[in-house]
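First listed ligand is number 1; within each ligand, the first listed atom is number 1.
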Amino acid sequence: MSHVPTAGPLAGKRVLVSAGPTYEDIDPVRFVGNRSSGKMGFAVAAAARDAGAEVVLVAGPVHMDTPAGVSRIDVRSAAQMHAAVLGALPADVYVGAAAVADFTPRRVSEHKIKKTAGTDTLVLELVRTPDILADVSAHPQRPALVVGFAAETHDVARYARGKLVAKRLDLIAANLVGGAEGGFERDDNALAVYWDGGERPLGPASKHEVAAQLVDLIAGRLPA
Ligand code: PMT
């Protein structure tokens, strides 16, 4: 039986975390997805719990055990994650660690799409998904601290700072993805956290250690 702390720098706070990928269905057997394992978001949820918070974790399709003491809501698609996250407000903190699909098929085929004789290509029309992070930030019940992640393959600082402003975030935790040294699927990570007027590198270290450092930073920046 794990010990679930009730004291700590986030005692009395409600923390909402999203984690994992979303799957956008094409037909009954196929989907558009991504490589997120959920490890980073689940580590953030566990670290927030360790800091004494009440934690709600909205998880895309992952193979991860729920951290003890954390309430988990499972979803599949970006639309479902959007509804679950907004439905779980109010919260003091939102951390968007999920790798939410930016696009989803305009329509889901009722039947398995078949190969057509004489046709070598298939064109899928994709439409934008709702931006969960931006909608949380603009919500009437906006958490005191809205924290985004940025997964970038290059120009990490520039793109992360752009998202900080565009989505009106309080903090953004950027990681390099697509290369050998971190981000998706691995047990370790390195983050560069940006806010208006500051930045701090976290790690490289295990995702649990990096998450604990991120939660410390969040607790320190949360209005009393
Ligand atoms: O799950 P792991 O395998 O441990 O990998 C961890 C991770 C790489 C997925 C994680 O560290 C990470 O970077 N998560 C964010 C991935 C992402 O989608 O980044 P982005 O730069 O595309 O999106 C920016 C932010 O907007 C993110 O907070 C994202 O949750 C949010 N977003 C994006 C699109 C959308 N429709 N709604 C959103 O809320």
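Of the charged side-chain nitrogens involved, at least one lies within less than 4.0 Å of a carboxylate oxygen, so that D170 and R142 count as a salt-bridged pair. One finds a salt bridge joining K163 and E152 here, because a Lys/Arg side-chain nitrogen approaches an Asp/Glu carboxylate oxygen to under 4.0 Å. Salt-bridge formation is not detected for the pair D102/R128: no Lys NZ or Arg NE/NH1/NH2 atom is positioned less than 4.0 Å from an Asp or Glu carboxylate oxygen. Under a 4.0 Å N-O distance rule, the pair K207/D188 does not qualify as a salt bridge.
Assignment of G20 to the shell around ligand 1 is not supported, since no heavy atom sits closer than 4.0 Å. Contact between R128 and ligand 1 is absent, with no heavy atom of the residue lying under 4.0 Å from the ligand. Put simply, part of K207 is less than 4.0 Å from ligand 1, judged by heavy atoms. Under a 4.0 Å heavy-atom criterion, A97 is in contact with ligand 1. Taking a 4.0 Å cut-off on heavy atoms, P130 registers as neighbouring ligand 1.
The N/O atoms of G38, backbone and side chain alike, include one that comes under 3.5 Å of an N/O atom in ligand 1. Residue V177 has no N or O atom closer than 3.5 Å to an N or O atom of ligand 1. When only interatomic distances are considered, the shortest N/O to N/O separation between N175 and ligand 1 falls below 3.5 Å. Inclusion of S37 in the set of residues having an N or O under 3.5 Å from an N or O of ligand 1 is warranted. An N or O contact shorter than 3.5 Å is missing between A99 and ligand 1 by distance.
Looking at D25, its side chain never comes within 3.5 Å of a backbone N or O of F31 through a donor-acceptor pair. Of the possible polar contacts, none joining the R106 side chain to the L124 backbone as a donor-acceptor pair under 3.5 Å is found.
Relative to the ring axis of Y194, R200 does not place its NZ or CZ within 45° and under 6.0 Å from the centre.
For atom 12 (C) of ligand 1, the candidate residues are F149, Y159, F42, F103; the nearest heavy-atom contact is made by F149. Residue nearest to atom 16 (C) of ligand 1, selected from G41, S36, A98: A98 (by heavy-atom distance). Comparing K167, R35, K163 by heavy-atom distance to atom 21 (O) of ligand 1, the nearest is K163.
When only non-hydrogen protein atoms are considered, atom 37 (N) of ligand 1 lies nearest to I132 N, 3.1 Å. Among all non-hydrogen protein atoms, the one lying nearest atom 19 (O) of ligand 1 is A151 N, 3.4 Å. From the protein, the heavy atom lying nearest to atom 6 (C) of ligand 1 is M40 CB, 3.5 Å.
Under 4.0 angstrom from ligand 1, the non-hydrogen atoms of D102 all belong to its side chain. Contacts of A101 with ligand 1, taken as heavy-atom pairs under 4.0 Å, involve the backbone alone.
Enclosure of atom CG in D155 by more than 12 non-hydrogen atoms of other residues, nucleotides or ligands within 6.0 angstrom is indicated.
H154 and Y159 have perpendicular rings, their planes meeting at more than 60° on a 0 to 90° scale where under 30° would count as parallel.
Residues L16 and V95 form no side-chain contact, since every pair of their non-hydrogen atoms from C-beta on lies 4.5 Å or further apart.
For the atom pair OG of S36 and CD of E185, the computed distance is 8.5 Å after rounding to the nearest 0.5 Å.
Near E185, meaning under 4.0 Å from any of its heavy atoms, are these atoms of ligand 1: 2 (P), 3 (O). Atoms of ligand 1 found under 4.0 Å from any heavy atom of A150 (numbered from 1 in listed order, with element): 21 (O). Interface atoms of ligand 1 facing D131, defined by a heavy-atom separation under 4.0 Å, are 35 (C), 36 (N), 37 (N), 38 (C), 39 (O).
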